[in-house]
A.B. asks: 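Quick one: structure below, then a few questions.
Numbers restart at 1 for each chain; the letters A, B, ... are given by sequence-line order, proteins then strands.
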Amino acid sequence: MSDAGRIVRVLPDVSGLDKRFDYVVPARWAESVDVGALVRMDLHGRRVAGWVVEVDVDPPAGVELREITKVSSLGPDQAVIDIATWAAHRWSGRVAPLLKMASPDTMVDQLPSGPGPRTLPAPPADLANDIAEVFGRPGVTVVRTPPNADLFPWLLGAAALGDGIVVTPSIGMARFLGGQLRRAGGRVALAGRDWALGAAGGTVIGARKAAWGRVRQLAYSVVIDEHDERLQEERNPTWHARDVAIERARRAGAPAVLLSPAPSPVALRLADHVIAPSRSAERASWPIVEVVDRRDGDPARGGLFSDELVRVLRSTTNRVICVLNRKGRSPMLACAGCGELVRTHDGERLMSEVDGELVGPGGERRPLVCANCGGTKLKRLRLGVSRAREELEALAGEPVAEVTSEVDAADVGRERILIGTEAVLHRVNNADAVVFLDFDQELLAPRYRAGEQAMSLIVQAARLVGPRAGGGRILIQTRTPDHRVLRGALSADPGSFASEESALREAMSFPPFGALAEIGGPPAGDFVEPLLDRLDINVLGPRDDGRYLLRADGPDELATVLAETPRPKGRLRVAVDPPRA
DNA sequence: CGGACAAGCTGA
DNA sequence: CAGCTTGTCCGG
């Protein structure tokens with residue numbers, strides 16, 4: 001090493017460039033530059049920001065090094081940088097966007113002092129044993145929590161261990177739980193805003209970004225509502241906060257605790273231990289769920305308005321939320337004779353009519369005949385949200401407000417009855433009843449996670465209406481009343497649903513029994529071409545949108561193949577664990 | 001990514 | 001052939 005100063009390796013914060021460059025640190029900053037520091041430097045004629053990812057490196061021969069021009073801020077520590085590197089490989093993306101997630105919102109030149117000694121209240125007696133057990137051992141524990149259970153005791157149990165991260169699906173929930181913990185005497189840092197506070201010690205809590213929080217010494221990772229889709233980033237790399245939180249805990253030898261009323265098949269597969277409430281406690285926390293068979297419904301009105309729906313509208317005095325997910329897509333077909341939906345052979349997907357034939361999303365074809373009764377007269381069920389709103393208004397004899405995803409929670413109307421897509425479930429805090437007008441759209445959506453996502457909607461509804469003892473009620477209108485999701489919801493038994501769902505996934509080698517990546521963009525075909533005859537990789541597609549699906553035995557195998565396969569030039573899009581595949 | 005530079009296209 | 005677009009390369 002030369003006398004001129006230390007040499008550091010820097011990852012520039014430039015999207016589209018995933019390369020590290022070496023720079024000299026001027027002597028005056030020698031002490032303040034360490035791994036993770038945010039710096040500025042000249043790169044190819046422009047001044048850019050970057051992260052120091054290694055110090056005291058041997059630069060390549062024959063390159064004249066430039067100097068760092070500024071030390072801007074403290075940043076992620078070595079542990080977080082290592083996780084970002086791991087995650088970039090795992091989700092086949094670049095490191096820079098992950099480090100950005102792991103960096104403070106505003107520049108930090110010094111950490112505040114750490115928390116003093118603290119005493120937290122003991123968790124309630126009925127949970128104390130479970131909490132002590134769960135947080136007393138490393139590894140992954142899945143805790144199935146009743147949908148209306150208070151989650152705060154689990155947070156207390158974690159915080160008692162010292163520093164750690166807590167991930168929630170929304171910032172709102174993070175603020176709520178974080179506030180509770182702070183009032184109980186915990187040291188709490190909201191991910192992003194309180195970056196420096198968290199780095200100095202305590203509990204870092206936030207939405208999925210909290211998975212990237214810097215902590216002094218990680219003693220736990222907690223994921224709240226593990227089933228919630230919002231824990232996964234939708235842009236590339238499509239990292240999942242659950243998986244990041246688990247990996248961080250694993251590396252620190254700390255417990256990773258995943259809480260959910262309906263844990264995903266992935267969580268259950270990753271779990272070393274599963275804890276479930278007693279059947280009676282779980283059942284009591286669920287609202288009353290009523291499944292209404294609409295095979296006898298009037299197709300002219302989309303079969304959307306059952307007698308049971310009318311009864312619910314009239315029997316409650318408080319808010320009723322009606323959910324109707326109908327975005328584009330071709331209309332569902334139902335048999336005019338028996339009312340059965342036209343579904344694929346395995347009953348998992350809807351079929352549509354193309355050139356006088358029935359066609360399923362996987363390419364399955366058969367003539368225009370009902371598989372249930374042999375009837376040849378099929379009817380289209382189509383009714384959009386705005387038409388449904390009008391009809392509902394006429395039926396209820398009172399105003400009905402439409403809530404779209406563009407409407408802010410604060411602007412939701414005063415009307416007693418609301419109708420909207422699933423977004424309405426996130427815009428309202430409570431209701432007497434939630435009615436899913438046409439749940440088949442969710443159950444039979446052309447995605448392998450459709451069942452899981454449908455269950456997640458029911459959980460959300462269960463929270464809005466509260467437990468059965470308080471009169472909480474969910475009405476689900478469907479033409480597939482025997483679907484495993486509905487059986488699980490009806491008996492307030494997400495455990496049985498989870499077993500069935502996992503068995504199906506295993507039979508089809510879908511995640512978590514295998515890993516998927518979606519390959520898109522113009523060069524997709526060239527990219528998958530060398531993989532076609534490999535035994536450890538299945539190439540599915542191309543689908544009609546030109547995308548391919550790759551399947552490997554696990555995420556590690558998939559990541560390695562994606563990293564080793566040469567990238568043809570052009571804009572290739574790779575989405576690992578695609579949320580909508 | 002975005003600047004540099006080269007190769008290709010256009011128009012009077 | 002100047003002037004502009006499009007493509008390819010590369011950064012310490």
A.B. asks: Measure up the A/Phe135 and A/Trp154 rings against each other and bin them: parallel (under 30°), tilted (30 to 60°), perpendicular (over 60°).
C.D. replies: tilted
A.B. asks: Please table the atom pairs, donor to acceptor, closer than 3.5 Å between any side-chain atom in residues 508-520 of chain A and protein atoms at least two apart or in another chain.
C.D. replies:
unit_1   : atom_1 : unit_2   : atom_2 : d
A/Glu518 : OE1    : A/Arg547 : NH1    : 3.4
A/Glu518 : OE2    : A/Arg543 : NH2    : 3.1

A.B. asks: Just how far is it from atom CZ of A/Arg463 to atom CG of A/Asn429, taken to the nearest 0.5 Å?
C.D. replies: 13.0 Å
A.B. asks: What are the bounds, 5' to 3', of the part of DNA chain C that sits under 4.0 Å from heavy atoms of chain A?
C.D. replies: C/dT8 to C/dG12
A.B. asks: According to salt bridge (Lys or Arg N to Asp or Glu O under 4.0 Å), does anything in residues 250-264 of chain A pair up with another residue at least two apart or in another chain? List the pairs.
C.D. replies: A/Glu247-A/Arg250, A/Glu247-A/Arg251
A.B. asks: State plainly whether the residues A/Arg94 and A/Asp18 are in salt-bridge range, i.e. N to O under 4.0 Å.
C.D. replies: no
A.B. asks: Counting the atoms with a prime plus P, OP1 and OP2 as sugar-phosphate, which does A/Pro60 contact under 4.0 Å by heavy atoms, base, sugar-phosphate, or nothing?
C.D. replies: base
A.B. asks: What residue pairs, at least two apart or across chains, pass salt bridge (Lys or Arg N to Asp or Glu O under 4.0 Å) with a residue in residues 564-581 of chain A?
C.D. replies: A/Arg90-A/Asp577
A.B. asks: Atom CG of A/Leu98 and atom CG of A/Leu11: how far apart are they, to the nearest 0.5 Å?
C.D. replies: 10.0 Å
A.B. asks: Output the residues of residues 32-47 of chain A in contact with DNA chain B, where contact means a heavy atom of the residue under 4.0 Å from an atom of the strand; sort by number or write none.
C.D. replies: A/His44, A/Arg46
A.B. asks: Output a table of donor-acceptor pairs, distance under 3.5 Å, between side-chain atoms of residues 256-272 of chain A and any protein atom two or more places apart or on a different chain; print 'none' if there are none.
C.D. replies:
unit_1   : atom_1 : unit_2   : atom_2 : d
A/Ser260 : OG     : A/His227 : ND1    : 2.7
A/Ser260 : OG     : A/Ala262 : N      : 2.9
A/Ser260 : OG     : A/Ala262 : O      : 3.4
A/Ser264 : OG     : A/Glu226 : OE1    : 3.3
A/Ser264 : OG     : A/Glu226 : OE2    : 2.6
A/Ser264 : OG     : A/Arg242 : NH1    : 3.4
A/Ser264 : OG     : A/Val266 : N      : 3.4
A/Ser264 : OG     : A/Ala267 : N      : 3.1
A/Asp272 : OD2    : A/Val140 : N      : 2.7

